[in-house]
*Asks:* 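Structure in structure tokens, see below.
Both backbone and side-chain heavy atoms feed into the values below; hydrogens, waters and symmetry mates do not. Throughout, numbering of the chain's residues begins at 1 and tracks the sequence.
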Amino acid sequence: MKYLKNNLIERKVEKVLSWVITHILKPMTVLPMTMVFLGCSDFVEVDPPKNTLISETVFKDPVTVESAFAHIYHSMREKGLVSGNAGLTTLMGIYSDELDYYGFDADFLQFYHHNIVADNTSITGWWSHAYNLIYSANNIIEGVAGSDVLRLEDRNKFHGQALFVRAYVHSLLVSLYGDIPYVTTTDYLVNNSVSRVPEAKVYENIIADLEESVDLLEGIEDISDERVLPDQWTVKALLARMYLYTEQWEAAEVISTQLLGAFALEPDLNEVFLKGSSETIWQLKPGENLRNTQEANQLIIQFIPGQTYALTDSLMESFEIGDQRSVHWTASISDTDNTVTLQFAHKYKALFNETESLEYSILFRLGEQHLIRAEARVYLGNLAEAQQDLNVIRNRAGLANTTANTVNDLLESILHERRVELFAEQGHRWFDLKRTGSATAVLGPVKSNWKATDILFPIPEIELESNPNLLPQNQGY
């Protein structure tokens with residue numbers, strides 16, 4: 001029945017394809033339209049129809065809307081800044097002090113040596129891919145709002161999920177580029193001339209989208225039981241992070257407390273990154289041809305020479321004696337002569353050649369929420385409670401309770417704990433250095449080309465040429 005249903009959907013879409021190409025698709029510069037064609041791999045319980053077009057027709061059937069979302073999550077997983085071969089985990093790892101880089105890619109070397117230029121293809125690709133994702137989310141928001149066929153529950157679910165996607169992608173962009181356009185429409189005339197919005201306003205828009213999303217997703221759970229569809233808990237996880245980033249301590253504590261009451265921390269370090277981990281809030285499911293994660297495939301060193309990334313000495317030295325995370329979440333390999341030994345991230349252990357999916361790419365997990373609440377509680381003056389949150393994470397790693405008992409010592413301890421708990425995960429280390437104002441103090445001594453202006457990436461040169469409203473360029477480029 002699933003095959004017949006998808007066949008009918010494909011035929012229906014094919015009938016409108018030529019009309020839409022003629023009447024709807026127009027050249028875009030700031031927001032390329034490469035994502036309107038959906039060619040997705042297997043996702044959850046829905047088999048996405050091939051070459052489905054996001055159009056009015058799609059919003060007559062919840063299955064095709066789910067296929068549109070499947071494409072968005074597939075795109076997040078396989079390319080762009082979220083995951084894939086040029087994602088935040090690796091590139092922000094080498095940009096900060098987490099990973100050493102042994103490859104030869106010219107653009108990646110610019111990250112590693114801190115001499116990025118405005119036409120770096122990874123920087124340009126991140127921007128383009130991110131706004132394509134945002135365009136797709138906006139298309140769903142507009143299409144769902146205009147649908148008189150979808151049930152109210154489905155409209156709320158799809159609208160809420162699309163708002164989350166829009167907010168999530170903007171949250172990454174603003175952390176990387178600073179002032180950016182906050183795009184909320186698919187109108188190409190508007191999008192071709194968008195201007196950058198002050199960083200504070202971007203965060204305000206992100207939080208507004210997330211708060212609306214929480215309301216829309218109230219009572220709607222991820223029926224896949226795999227935590228692969230964003231629900232209200234996923235939205236709250238990002239909301240807690242955004243409250244932390246914007247120093248709204250009370251709100252951060254409230255939301256993180258809700259999450260800590262809804263999920264259980266995985267007690268076994270070896271099971272934290274398995275697809276069935278109890279602490280996973282949201283994860284991306286690998287496609288049918290990639291049975292496990294990009295993270296494992298990129299970060300596990302299988303032989304020397306031939307390595308691309310390795311954990312830095314400074315990261316390995318930051319683990320306290322007895323920290324079981326250094327035992328279970330890192331590994332080492334030596335060359336055949338035992339002259340070179342490198343450490344590598346081993347949170348994800350299953351390579352592509354496994355015969356089944358053992359691990360999915362985790363984007364939000366409960367460990368972060370303990371550390372968010374700990375930091376918020378310090379700023380609220382609840383030092384004893386902050387210690388308790390910090391100790392939960394430390395004790396799981398086999399460490400004794402923290403001895404920090406002053407505001408400054410606790411903040412320093414939390415930042416340290418975030419480093420050893422969240423390493424090699426979507427650039428957390430870099431974002432922490434940036435938001436705490438410690439990037440220059442930490443990276444200046446270890447990055448010979450470090451400049452204070454490296455705190456932001458350049459707006460891609462091609463975008464500035466296409467839309468002068470994006471000027472001025474960020475300082476230093």
*Asks:* Atom CD in Gln161, atom CD1 in Ile141: separation rounded to 0.5 Å?
*Replies:* 11.5 Å
*Asks:* Which residue pairs satisfy the ring-ring contact (aromatic ring centres under 6.0 Å, His included) criterion with at least one member in residues 396-422, sequence neighbours excluded?
*Replies:* none
*Asks:* For the residue pair Arg77 and Ser361, confirm or rule out a side-chain donor-acceptor distance under 3.5 Å.
*Replies:* no
*Asks:* Can you measure from CG (Leu464) to CG (Leu471) and round to the nearest 0.5 angstrom?
*Replies:* 5.0 Å
*Asks:* Can you name the residues that form a ring-ring contact (aromatic ring centres under 6.0 Å, His included) with Tyr182, not counting sequence neighbours?
*Replies:* His170
*Asks:* Does Asn292 reach the main-chain N or O of Leu358 with its side chain, forming a donor-acceptor pair under 3.5 Å?
*Replies:* yes
*Asks:* Assess, by modelled atom type and distance only, whether the side chains of Arg196 and Asn474 contain a donor and an acceptor separated by less than 3.5 Å.
*Replies:* yes
*Asks:* Of all the heavy-atom pairs spanning Pro458 and Val117, show the shortest one and how long it is.
*Replies:* CG-O, 3.9 Å
*Asks:* Which pairs with one or both residues in residues 238-262 pass ring-ring contact (aromatic ring centres under 6.0 Å, His included), sequence neighbours excluded?
*Replies:* Trp249-Tyr379
*Asks:* For the ring-ring contact (aromatic ring centres under 6.0 Å, His included) test, which of Phe319, Phe344, Trp430 pairs with Phe423?
*Replies:* Phe319
*Asks:* Measure the CZ-CD1 distance between Phe303 and Ile301 for me, rounded to the nearest 0.5 Å.
*Replies:* 10.5 Å
*Asks:* Would you give the length of the straight line joining atom CG of Leu415 to atom CG of Leu411, rounded to the nearest 0.5 angstrom?
*Replies:* 9.0 Å
*Asks:* Could you go step by step and tell me if Glu320 and Arg394 meet the salt bridge (Lys or Arg N to Asp or Glu O under 4.0 Å) rule?
*Replies:* CA-CA 10 Å; Glu320 297 173 48; Arg394 289 178 57 82; 2.7 Å; yes
*Asks:* Under the 3.5 angstrom rule, does the side chain of Ser213 hit a backbone N or O of Asp209 as a donor-acceptor pair?
*Replies:* no
*Asks:* Look only at the side chain of Asn382 and the backbone of Glu385, and say whether a donor-acceptor pair between them is shorter than 3.5 Å.
*Replies:* no
*Asks:* Please assess Asn115 against Gln110 for the test side-chain hydrogen bond (donor to acceptor under 3.5 Å, both in side chains), listing each intermediate value before the final yes or no.
*Replies:* CA-CA 5 Å; Asn115 53 13; Gln110 289 180 18; 5.5 Å; no
*Asks:* Within a reach of under 6.0 Å around CD of Glu250, are more than 12 heavy atoms found that belong to other residues, nucleotides or ligands?
*Replies:* no
*Asks:* Testing Asn138, Asn205, Thr184 for side-chain hydrogen bond (donor to acceptor under 3.5 Å, both in side chains) with Arg166, which one passes?
*Replies:* Asn138
*Asks:* Evaluate the ring planes of Tyr73 and Phe69, with Trp represented by its six-membered ring, and classify them as parallel (under 30°), tilted (30 to 60°) or perpendicular (over 60°).
*Replies:* parallel
*Asks:* Does a side-chain heavy-atom distance below 4.5 Å link Ile123 with Tyr177?
*Replies:* yes
*Asks:* Any donor-acceptor pair under 3.5 Å linking the side chain of Thr89 with the backbone of Gln426?
*Replies:* yes
*Asks:* With sequence neighbours excluded, give me every side-chain hydrogen bond (donor to acceptor under 3.5 Å, both in side chains) pair touching residues 303-313.
*Replies:* Thr312-Ser314
*Asks:* Is there a donor in the side chain of Ser75 and an acceptor in the side chain of His129, or the other way round, less than 3.5 Å apart?
*Replies:* yes
*Asks:* Residues in side chain to side chain contact (heavy atoms under 4.5 Å, CB included) with Asn395, at least two apart?
*Replies:* Asn391, Asn401
*Asks:* Report yes or no: do Glu266 and Ser278 form a side-chain donor-acceptor pair below 3.5 Å?
*Replies:* yes
*Asks:* Side chains of Thr339 and Asp335 only: does a donor on one sit below 3.5 Å from an acceptor on the other?
*Replies:* yes
*Asks:* Do NZ/NE/NH1/NH2 and the carboxylate oxygens of Glu421 and Arg396 come within less than 4.0 Å?
*Replies:* yes
*Asks:* For the side-chain hydrogen bond (donor to acceptor under 3.5 Å, both in side chains) test, which of Lys434, Arg435, His428, Arg429 pairs with Asp432?
*Replies:* Arg435
*Asks:* Considering residues, nucleotides and ligands other than Glu271, do more than 12 of their heavy atoms fall under 6.0 Å from its CD?
*Replies:* yes
*Asks:* Are the side chain of Glu359 and the backbone of Ala350 linked by a donor-acceptor contact shorter than 3.5 Å?
*Replies:* yes
*Asks:* Is Gln343 reaching over with its side chain to a backbone N or O of Leu311, donor-acceptor style, under 3.5 angstrom?
*Replies:* no
*Asks:* Any donor-acceptor pair under 3.5 Å linking the side chain of Arg418 with the backbone of Ser413?
*Replies:* no
*Asks:* Take atom CG of Asp225 as the centre, draw a 6.0 Å sphere, and report whether it contains more than 12 heavy atoms from other residues, nucleotides or ligands.
*Replies:* no
*Asks:* Quick check on side-chain contact (heavy atoms from CB on, under 4.5 Å): which of Asn191, Val169, Ile180 does Tyr131 satisfy it with?
*Replies:* Ile180
*Asks:* Between the side chain of Ser318 and the main-chain N/O of Leu315, is any donor-acceptor distance below 3.5 Å?
*Replies:* yes
*Asks:* Apply the ring-ring contact (aromatic ring centres under 6.0 Å, His included) test between Tyr95 and each candidate in Phe431, Phe457, Tyr112; give the one that qualifies.
*Replies:* Phe457
*Asks:* Over all heavy atoms of both residues, which pair between Ser96 and Lys447 is shortest? Give the atoms and the distance, please.
*Replies:* O-CE, 3.1 Å
*Asks:* Counting N and O atoms only, with roles assigned by atom type, does the side chain of Ser136 sit under 3.5 Å from a partner on the main chain of Asn132, one being a donor and the other an acceptor?
*Replies:* yes
*Asks:* Indicate whether any N or O donor in one side chain lies under 3.5 Å from an N or O acceptor in the other, for Lys236 and Gln258.
*Replies:* yes
*Asks:* If I take atom CH2 from residue Trp126 and atom OG1 from residue Thr121, how far apart are they, to the nearest 0.5 angstrom?
*Replies:* 11.0 Å
*Asks:* Step through it carefully: locate the ring centre of Trp329, locate the ring centre of Phe273, and say whether they are under 6.0 Å apart.
*Replies:* yes
*Asks:* Answer yes when Arg419 and Asp97 have at least one side-chain N-carboxylate O distance shorter than 4.0 Å, and no when they do not.
*Replies:* yes
*Asks:* Quick check: are there more than 12 heavy atoms from other residues, nucleotides or ligands sitting under 6.0 Å from CD1 of Ile462?
*Replies:* no
*Asks:* Would you say CD of Glu412 has more than 12 non-hydrogen atoms from neighbouring residues, nucleotides or ligands within 6.0 angstrom?
*Replies:* no
*Asks:* Please determine if Glu425 and Lys347 form a salt bridge, counting it only when a charged side-chain N lies under 4.0 Å from a carboxylate O.
*Replies:* yes
*Asks:* As an exercise, state the distance from OH of Tyr203 to OG1 of Thr246, rounded to the nearest 0.5 Å.
*Replies:* 8.0 Å
*Asks:* How far apart are the closest heavy atoms of Val165 and Leu133, and which atoms are they?
*Replies:* CG1-O, 4.4 Å
*Asks:* Please step through salt bridge (Lys or Arg N to Asp or Glu O under 4.0 Å) for the pair Glu226 and Lys285, ending with a clear verdict.
*Replies:* CA-CA 9 Å; Glu226 290 190 301; Lys285 184 176 181 178; 3.5 Å; yes
*Asks:* Quiz question: by atom type and distance under 3.5 Å, do the side chains of Asp454 and His114 form a donor-acceptor pair?
*Replies:* yes
*Asks:* Going by distance alone, is a donor N or O of one side chain under 3.5 Å from an acceptor N or O of the other, for Ser277 and Glu279?
*Replies:* no
*Asks:* Can you confirm whether Val407 sits close enough to Leu383 that some side-chain heavy atom of one is under 4.5 Å from a side-chain heavy atom of the other?
*Replies:* yes
*Asks:* Applying side chain to side chain contact (heavy atoms under 4.5 Å, CB included), name anything that partners Glu212, two or more places apart in sequence or on another chain.
*Replies:* His159, Leu163, Leu216
*Asks:* Any sub-3.5 Å donor-acceptor pair from Ser171's side-chain atoms to Tyr168's backbone N or O?
*Replies:* yes
